[in-house]
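Residue numbers begin at 1 in each chain, while the letters A, B, ... track the order of the sequences. Since this is a predicted model, take the numbers as computed values, not measurements.
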Amino acid sequence: MAASRKQSSGVDVVRNAPDGSQEPAITTKRSVSERALAHAFPPYLEALNAEQRAAVETLEGPVLVLAGAGTGKTRILTTRIAHLLATGRARGSQILAVTFTNKAAREMKERVGQLVGGAVKGMPWLGTFHSICARILRRHAEIVGLKSSFTILDTDDQIRLLKQLLAAGDIDAKRWPARQLAGQIDSWKNRGLTPDKVPAGEAFAFANGKGAEIYEQYQTRLKELNAADFGDLLLECLRLFQNNADVLAEFHQRFRYMLVDEYQDTNVAQYLWLRLLAQGNRNLCCVGDDDQSIYGWRGAEVDNILRFEEDFPGAKVFRVEQNYRSTGHILAAASGLIAQNEGRLGKTLHTDIGDGEKLRVQGVWDDEEEARTIGDEIESLQRANHALNEIAILVRASFQMRAFEDRFVTLGLPYRVIGGPRFYERAEIKDATAFLDVMVNSANDLKFERVFNVPKRGLGQASLQKVMSHARARAIPLYHAAKEIVETDELGPKPRRALAGLIAMFERWRSMLEGMAHTELAELILDESGYTEMWQRDKSPQAHSRLENLKELIRFMGEFETMQGFLEHVSLVMDADTNDDVDRVSLMTLHAAKGLEFDTVFLPGWEEGLFPHQRSLDESGQAGLEEERRLAYVGITRAKRRACISFTQNRRIHALWQSAIPSRFVDELPEEHVEVVVDSQRPGNYFSNPGTSRFDKPGAGFQSSYSTPGWRRAQRQWAEKPQAVRDRGPITIDGEFVASSTVHDARYGVGERVMHQKFGVGTVTEVDGNKLVIDFESAGRKRVVDSFVTPA
DNA sequence: AACTAATACTTTTTT
DNA sequence: AGTATTAGTT
């Protein structure tokens, strides 16, 4: 037996033991599994520095850990959990650990598993706020007026429902868009406001006071539909706790220890929820960084973290300031910048890594030059064997990505876009899952409505109205109303036949649910419904990738035991793993970059109006400016060794060119940590040479166009799997991308007709290795790499 | 009911 | 500029 190791941990345990009533079996009578755990656990505490260790070992009472960027925040949380488990203070099922994203939850689960040696299977209460609330609600659904089988609505469903209510309330949908009300309701829910508690002023702001009324009707409708939106998961759970002392007491007893990740991002509802739960044994540990609060615009309250000590008297606050990520200049520059914020708790990060390179700041003429400069820089880093995976470009707004994508496509530089539309948000995926939803649960009105006329089967508004009013009159779900109505002469002959056909299909599928593999059934449904065919006939360039996505969906479904299991997952977990081990440059927004790190980080677009964003300034004034500054801080601190900031002299906003002035953040950077780059190749070019600007170029200003969320992903998928790369095929694409270093046979000849995902159809006019010059019918002449193109 | 023309909107985004 | 959505037309 590893007596010595067990011994030393035993000492730690005793020192930290509370009154003793809750930990009877720690040193004397351990269960076999606990002893096995103790035997197996690594000296996890020794991997921590003094600051981290203090934060981990203070297990009792409220604790706030202020963990700056790159200080090992996740390590603290996971080690804390491991410590709780290993010392026998709590079983996995007695620990509540909340995160904001599924990704964070997954990572935490993994890392706890590593620490405890994979022995921790059961941590049922480690998850996102929403998934945990959903779990609690399913258990006590009746109390809040739901059945435990309630469905979770996505944004689409939400807006469809609101539109109906607005129409019924005779409100001009033009002046008062459902979208806006959805956002408003969301923000009310974020603040824990039920319809009766909405402040009069705000209630009046939408449709002269009708907003609050609709909110109330909306909630009623949700109950009728046995449904909850994302905000409800939290708000209803909160109400459940507030109004039912017995239920709350049950969870007080269950959760011996509570941990919260990214506490600075919590909104009011989440704060109230946590506070109620913490009333039990007060073992609440929140980890966060006030300097990284960048989600104020969607309800996060920095105040929650700033007020922690008042909210939880006797709270211990730990500052973790040893940074393991960045070099000295980077850290100092970031610190100097964020120091200009007033509302902060204040931390002083330090690093042992050494000074490293200074931050580079560079002014350029316009966004094209910016992309060109950064592209060149990346190519030279690549030649010096810098992994592309360790390079990121972080932009303030997604439209900035276009210039980079254009440039990278031309250079043949492999890149990936992170963020943007998620897999499950794509129309084809939503349509497909709507079919499955209705089949599994015929009472899912909103999904039924979604597929009512998809693919087009001649059922329009008129038919839908009839079915809806029938459903309303009889107080039955739409599907059943439709089933009844086709037995009558209510509808004309054509719609009647179409609707009868739809119902018959659903009935048939449902009867097959038991007898066949769910993935097969899903394929059959997509086939028979005509949905696959719909996209096969579609001749838009994106149709191909949509079909690919459907295949991907089926493949992903195979990872679940049952259709129901899959659908439950889909409603809550809006992300699919794209484990992509190809070496690529990452392109994303600053928001999407939080929590990530890269050797080299490019930060383009530091101009007044764009960053800090004008809208943020207009809407939130000083607070908005400080949040933008935190965003800048997040951006810089993503870098491990190299950070390059740039700004343009001219920026096109909407359609027109404006001269831009450098962001105030540029001048706020402490000078001693910054190196100003003046391009020696073209001295002074960005102050004096509009002559060679894009205005002279053929086709300039008409650079094709698709900055839509859609094609970026399509583009990526196109690049990812032109051939059957599916199951971890060889990474041959990589070779094709690295144009200059690879010699191989040209795949296309001059005069050949080709199809490009972004530029459409064109004719090859020049071939240079794997680089092609193509005259596109609509986009003009472009240089592209052959892997982005297919024979037309 | 489906097509075409005009109109509005354009920061960041998770669940 | 460009798209997405909606209103009006066939």
**Message:** With a 4.0 Å limit, can you tell me whether A:S398 has a side-chain N or O closer than that to the phosphate oxygens OP1/OP2 of B:dT12?
**Reply:** yes

**Interatomic distance, A:K430 NZ vs B:dT15 C1' [rounded to whole Å]** = 12 Å

**Request:** Verify the stacking flag for A:H613 against B:dT11: centroid separation must be under 5.5 angstrom and the ring planes must differ by under 30 degrees.
**Result:** yes

**Prompt:** Using the ring of each side chain (for Trp, its six-membered ring), is A:H591 parallel, tilted or perpendicular to A:W297, with breaks at 30° and 60°?
**Reply:** perpendicular

**Message:** Assuming nearest nucleotide by heavy-atom distance, tell me which of A:D186 and A:R396 is located more 5' along DNA chain B.
**Reply:** A:R396

**Asked** A:Q614 CD to B:dC9 P: how many Å, rounded?
**Response** 20 Å

**Message:** On the nucleotide C:dT5, are OP1 or OP2 found under 4.0 Å from the side-chain N or O atoms that A:K163 carries?
**Reply:** no

**Request:** Answer yes or no: is there a donor N or O on one side and an acceptor on the other, between the side chain of A:N190 and the main chain of A:A300, under 3.5 Å?
**Result:** no

**Prompt:** Without hydrogens or angle criteria, can the side chains of A:S293 and A:E627 be said to hold a donor-acceptor pair below 3.5 Å?
**Reply:** no

**Asked** If you look at every strand shown and take non-hydrogen atoms under 4.0 Å, does A:E619 touch a base, only sugar-phosphate, or nothing?
**Response** base

**Asked** Would you say A:R615 reaches B:dT11's phosphate, i.e. side-chain N/O to OP1/OP2 under 4.0 Å?
**Response** yes

**Item:** Euclidean distance for P, C:dG2 against B:dT13 (whole angstrom)
**Value:** 23 Å

Output one line per pair: protein atom, nucleotide atom from nucleotides 1-7 of chain B, and distance, for all N/O pairs under 3.5 Å.
from, atom 1, to, atom 2, distance (Å)
B:dA1, OP1, A:G458, O, 3.4
B:dA1, OP1, A:G460, N, 2.5

**Request:** Can you tell me the distance, in whole Å, between the CG atom of A:L234 and the C1' atom of B:dT14?
**Result:** 11 Å

**Rounded distance (Å) that lies between atom C1' of B:dT13 and atom CG of A:L394** = 16 Å

**Separation of B:dT12 P from A:F611 CZ (nearest whole Å)** = 13 Å

**Complete:** Whole-Å distance, A:N190 CG to B:dT14 P, equals 14 Å

**Prompt:** Rounding to a whole Å, what distance do you find between A:L631:CG and B:dT12:C1'?
**Reply:** 7 Å

**Message:** Under the criterion of centre distance below 5.5 Å and interplanar angle below 30°, is A:F399 classified as stacked on the base of B:dT10?
**Reply:** no

**Request:** List the steps, then state whether side-chain hydrogen bond (donor to acceptor under 3.5 Å, both in side chains) holds for A:Q158 with A:D154.
**Result:** CA-CA 6 Å; A:Q158 212 177 338; A:D154 58 35; over 6 Å; no

**Item:** Cation over ring face, A:R651 and A:W657, 6.0 Å, 45°
**Value:** no

**Complete:** Quick note, A:N102 side chain, CB onward, closest among B:dT13, B:dT15, B:dT11 is B:dT15

**Prompt:** Can you find a side chain N or O atom of A:S131 that sits less than 4.0 Å from OP1 or OP2 on B:dT15?
**Reply:** no

**Message:** What is the distance, to the nearest angstrom, from the CZ atom on A:R630 to the P atom on B:dT11?
**Reply:** 20 Å

**Item:** Inter- and intrachain pairs under ring-ring contact (aromatic ring centres under 6.0 Å, His included), touching residues 154-186 of chain A, at least two apart
**Value:** A:W176-A:F206

**Request:** Output yes when a side-chain donor or acceptor of A:E607 lies under 3.5 Å from a complementary backbone atom of A:T648, and no otherwise.
**Result:** yes

